[in-house]
Amino acid sequence: MTTPRTAPRLIATDLDGTLLCSGGTVTARTAAALAAAEAAGVQVVFVTGRPPRWMQQVSPHIGGHGVAICSNGGAVVDVHRGELLESFPLDAGTALEVVAALRAKLPGTAFAFEYPAGFAREPGYEVPMWGEDEDHPIGPAEELLGTGGTVRGLFKLLAKHPDLDPDKLLTEAREAAGHLAEITRSAPIPLLEISAPGVTKASTLARWCAGRGIDRSEVVAFGDMPNDLEMLAWAGTAYAVANAHPQVLAAVPLHTVSNEQDGVAAVLEEFLGR
């Protein structure tokens, strides 16, 4: 593991599989490292595929600014106040084009929808998720996204296939609909995450940094899955955790230890001379 000679102005870190341990929690060591970075004037921004409604678990560790970039760049949220600050939604008409293209290319695919009011899904979309027992709209994509439908301001379209290899699913989906939207993945199952054209973790992080006069050379990013690749390529310095997807490990020269070994904290401790 190699660290830059000086501490950055901003740390941008993915959550699941990167900052968080397998139980989805922040260890005491990582919590202490995040607090020390903030105390030293280094801003920490969580940049995650999680929707805004899944951020309260990490709220105590997000720092004074309270801001997280969620849904792979689709939403900027003040977690402390529960306020949506900015969003970059996928147009409903385009989403329906994506749905049609993936249904034609990958029969059996079912869809779900993350939007400001919550979560909705098609009847065939059955993935155990936090909060899945909460009431949410269920119906075909055409009904949920159409005129009078409940889904408005779509942060992220989710597409699940019953049995394809996850990487093969991503490749085939990009062939079918990559010209319509950003398509990526972060789960170990055949589940795609689809955003508006040009909307990625990197695009929204770059916008957030530009608004605060932070250059990309002053940013250190951490990630583990294909949905992190754009962010890791954009940041001046980037680390893959040891448990990262092989594509991420190959693309990112700097590696740290795994999330279970507090890989992000290990780098922060080096920055801060702890």
Mutual orientation of the aromatic rings belonging to F119 and H136 [parallel < 30°, tilted 30-60°, perpendicular > 60°]
perpendicular

Flag the pair L192 / L169 as yes when at least one side-chain heavy-atom distance between them is below 4.5 Å, and no otherwise.
yes

For the residue pair L254 and T237, establish whether any side-chain heavy-atom pair is separated by less than 4.5 Å.
yes

Can you list the residues that meet the side-chain contact (heavy atoms from CB on, under 4.5 Å) rule with T171, with sequence neighbours excluded?
E175

Sorted by chain and residue number, the side-chain contact (heavy atoms from CB on, under 4.5 Å) partners of P162 (sequence neighbours excluded) come out as none

Could you tell me whether the side chain of F222 reaches within less than 4.5 Å of the side chain of D14, counting heavy atoms only?
no

Same cluster or not: I214 versus L85, using hydrophobic residues (I, L, V, M, F, W, Y) connected whenever any side-chain heavy atoms lie under 4.5 Å apart?
yes

Can you tell whether the side chains of R185 and D167 come within less than 4.0 Å, N to carboxylate O?
yes

Which residue in the set D262, L15, L20, V264 passes side chain to side chain contact (heavy atoms under 4.5 Å, CB included) when paired with V26?
L20

Atom CG in D16, atom CG in L19: separation rounded to 0.5 Å?
9.5 Å

Between R29 and E269, is there a salt bridge with N-O shorter than 4.0 Å?
yes

Look at the side chain of E38 and the backbone N and O of V44, then say whether any donor-acceptor pair between them is shorter than 3.5 Å.
yes

Heavy-atom side-chain contact between M55 and C70 under 4.5 Å
yes

Cluster check L144, V98: I/L/V/M/F/W/Y, side chain < 4.5 angstrom:
yes

Heavy atoms, side chains only, cut-off 4.5 Å: are F271 and V220 in contact?
yes

Measure the OH-CG distance between Y239 and D228 for me, rounded to the nearest 0.5 Å.
16.0 Å

Answer yes if V248 and V267 sit in the same cluster of Ile, Leu, Val, Met, Phe, Trp and Tyr residues linked by side chain heavy atoms under 4.5 Å apart, and no otherwise.
no

Taking only residues two or more places apart in sequence or in another chain, which ones pass salt bridge (Lys or Arg N to Asp or Glu O under 4.0 Å) with E182?
none

Closest heavy-atom contact between P8 and V42?
O-CG2, 3.3 Å

Side-chain heavy atoms under 4.5 angstrom apart, residues restricted to Ile, Leu, Val, Met, Phe, Trp, Tyr: same cluster for I183 and L164?
yes

Kindly compute the distance separating CG (N243) from OG (S22), expressed to the nearest 0.5 Å.
10.0 Å

Which pair of heavy atoms, one from P197 and one from L180, lies closest together, and at what distance?
CG-O, 3.1 Å

Those residues that, when tested against R81, pass salt bridge (Lys or Arg N to Asp or Glu O under 4.0 Å) (two or more places apart):
D78, E83

Answer whether the closest heavy-atom distance between the side chains of P166 and I189 falls below 4.5 Å.
no

Donor-acceptor pair, distance only, cut-off 3.5 Å: does the side chain of R121 make one with the backbone of Y125?
yes

CH2 of W208 to OG of S203, rounded to nearest 0.5 Å, is 15.0 Å

Smallest heavy-atom separation, G73 atom then T204 atom, equals O-OG1, 2.6 Å

Ion pair present between E86 and R207, side-chain N to carboxylate O less than 4.0 angstrom?
yes

Quick one: are V76 and L84 in side-chain contact, heavy atoms under 4.5 Å?
no

Pairwise side-chain contact, L10 with V45, heavy-atom cut-off 4.5 Å (strictly under):
yes

Partner set under side chain to side chain donor-acceptor pair (under 3.5 Å) for E122, not counting sequence neighbours:
R103

Partners passing side-chain contact (heavy atoms from CB on, under 4.5 Å) against P89 (at least two apart in sequence or in another chain)
S87

Take V257 and V241 through the side-chain contact (heavy atoms from CB on, under 4.5 Å) test and state the conclusion after the steps.
CA-CA 6 Å; V257 294; V241 288; over 6 Å; no

Rounded to the nearest 0.5 angstrom, the OG1-CG distance for T48 and N72 is 7.5 Å

Is a side-chain donor or acceptor of H255 paired with a backbone partner of L249 at a separation under 3.5 angstrom?
yes

For A95 and L90, which heavy atoms make the closest approach, and how far apart are they?
CB-CD2, 3.8 Å

Considering non-hydrogen atoms only, spot the tightest contact between G93 and D91 and give its length.
N-OD2, 3.0 Å

Could you give the distance from CD (E142) to CG (L96), rounded to the nearest 0.5 Å?
6.0 Å

Any residue meeting salt bridge (Lys or Arg N to Asp or Glu O under 4.0 Å) with E230, in chain and number order, not counting sequence neighbours
none

S258 side chain to E260 main-chain N or O, any donor-acceptor pair under 3.5 Å?
yes

Under the side-chain contact (heavy atoms from CB on, under 4.5 Å) criterion, do I69 and F46 qualify, and how do the steps go?
CA-CA 6 Å; I69 295 171; F46 297 155; over 6 Å; no

Contacts of R216 that satisfy salt bridge (Lys or Arg N to Asp or Glu O under 4.0 Å) - sequence neighbours left out
none

Between D165 and K168 (side chain of the first, backbone of the second, donor and acceptor by atom type, cut-off under 3.5 Å), is there such a pair?
yes

Listed pairs under 3.5 Å, donor-acceptor, residues 151-159 side chains, sequence neighbours left out:
unit_1	atom_1	unit_2	atom_2	d
R152	NH2	G146	O	3.3
K156	NZ	G49	O	2.5
K156	NZ	E193	OE1	3.2

Side-chain donor-acceptor pairs of residues 106-117 under 3.5 Å, sequence neighbours excluded:
unit_1	atom_1	unit_2	atom_2	d
T109	OG1	L106	O	2.7
E114	OE1	R53	NE	3.2
E114	OE2	R53	NH2	3.1

By side chain to side chain donor-acceptor pair (under 3.5 Å), which residues pair with D224, not counting sequence neighbours?
T18

Audit row: L268, L34, side-chain contact (heavy atoms from CB on, under 4.5 Å) steps and yes/no
CA-CA 8 Å; L268 293 184; L34 294 174; 4.0 Å; yes

Nearest heavy atoms of T184 and P226, plus distance in Å
OG1-C, 3.4 Å

Under the side-chain contact (heavy atoms from CB on, under 4.5 Å) test, which residues partner A251, sequence neighbours left out?
L229

Using the side-chain contact (heavy atoms from CB on, under 4.5 Å) rule, take D215 and C209 through it: C-alpha gap first, then chi angles, then the decisive distance, then the call.
CA-CA 7 Å; D215 188 78; C209 288; over 6 Å; no

